[in-house]
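Report on the following structure.
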Amino acid sequence: MNKAEKDEKRKKDIEFYLSTYGGSADDMFALYDMMKLIEKDTDISVIGMGKVMSAGVLILAGGTHGKRKIGRNCRVMLHSVIAGNQGSLHNLMNEMEAIQDLQEMYIDRLVEETKLTKKQLKKMLEQKVNIYLSAEQAVEYGIADEII
């Protein structure tokens, strides 16, 4: 298939309006992986409005670069992975390792999608509080490309 045929086959952008408090890390990664799969043929324009928090940050950052937009008054919040479990000591130790793996995956994907370095991001997350960013900061850090 030549370039002209590929360009013709390319579909209209998907516009994804996002306003979320976040949610499950597993669901976030499922959606992120689906976005990356779709993005092979179709650009994904993500527009953050109101609030983009927790798991939503990777979804905003994971849109097609150059097409990630954010509302001027949108609040962005990131924090470490949150989990809760109960059970035997061995199971809890196993779960803790799995949670640490999720945290590393989250950091690695955000570093790939943004201007943040691993060191910067880890420093933010190690504060053990919710980190709130303005739309301007989200663009500065490369979570979004443009304020609308």
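Computed over heavy atoms, backbone and side chain alike; hydrogens, waters and symmetry mates excluded. The first residue of the sequence shown is numbered 1, and numbering continues consecutively from there.
Of the listed residues (Ile70, Val46, Ile47), just one forms a side chain to side chain contact (heavy atoms under 4.5 Å, CB included) with Leu18, and that residue is Val46. Only one option out of His65, Lys67, Lys12 pairs with Asp43 in a side chain to side chain donor-acceptor pair (under 3.5 Å); it is Lys67. Exactly one of Leu110, Thr114, Leu133 qualifies for a side chain to side chain contact (heavy atoms under 4.5 Å, CB included) with Tyr141. That residue is Leu133.
The CD atom of Gln137 sits 9.0 Å away from the CD1 atom of Ile143 when rounded to the nearest 0.5 Å. Rounded to the nearest 0.5 Å, atoms CE (Met105) and CG (Asp26) are 8.0 Å apart. For the atom pair OG of Ser80 and CD of Gln127, the computed distance is 10.0 Å after rounding to the nearest 0.5 Å. With rounding to the nearest 0.5 Å, the separation of CD1 in Ile38 from NZ in Lys40 is 11.5 Å. Taking CE of Met28 as the reference point, atom CG of Leu102 lies at 7.0 Å (rounded to 0.5 Å). In this structure, OG1 in Thr117 is found 10.0 Å from NZ in Lys123, a value given to the nearest 0.5 Å.
In terms of heavy-atom proximity, Val52 sits nearest to Cys74 at CG2-SG, 3.8 Å. Between Leu60 and Ala144 the shortest heavy-atom distance is CD2-CB, 4.3 Å. For the pair Gly22 and Ser54, the tightest heavy-atom approach, listed with the atom from each and the gap, is CA-CB, 4.0 Å. Of all heavy-atom pairs between Phe29 and Tyr106, the closest is CZ-N, 3.5 Å.
For Lys51, the side chain to side chain contact (heavy atoms under 4.5 Å, CB included) partners two or more places apart in sequence, or in a different chain, are Ser19, Tyr21, Met53. Under the side chain to side chain contact (heavy atoms under 4.5 Å, CB included) criterion, Leu31 pairs with Phe16, Met35, Ile59, sequence neighbours left out.
One hydrophobic cluster, built from ILVMFWY side chains closer than 4.5 Å, cannot hold both Met49 and Ile14; they sit in different ones. At a threshold of 4.5 Å between side-chain heavy atoms, the hydrophobic network of Ile, Leu, Val, Met, Phe, Trp and Tyr places Met34 and Tyr32 in one connected group. Placement of Met77 and Leu58 in two distinct hydrophobic clusters is found when ILVMFWY residues are connected by side-chain heavy-atom separations under 4.5 Å, directly or transitively. Taking hydrophobic clusters as Ile, Leu, Val, Met, Phe, Trp and Tyr residues chained together by side-chain heavy-atom distances below 4.5 Å, Val129 shares a cluster with Val57.
Between the side chain of Glu97 and the backbone N or O of Asn94 there is no donor-acceptor pair closer than 3.5 Å. Here the side chain of Arg68 pairs a donor or acceptor atom with the backbone of Gly142 at under 3.5 angstrom.
Using a 4.5 Å cut-off on side-chain heavy atoms (C-beta onward), Arg72 and Glu136 make contact. In this structure, the side chains of Thr64 and Thr42 stay at 4.5 Å or more apart for every pair of heavy atoms. A heavy-atom distance below 4.5 Å is found between the side chains of Glu113 and Lys36. Two residues are said to be in side-chain contact when any heavy atoms from C-beta on lie closer than 4.5 Å; Gln103 and Ile99 fail this criterion.
Using a 4.0 Å cut-off between charged side-chain N and carboxylate O, Lys118 and Glu104 make a salt bridge.
The environment of CZ in Arg109 is crowded: more than 12 heavy-atom neighbours from other residues, nucleotides or ligands sit within 6.0 Å.
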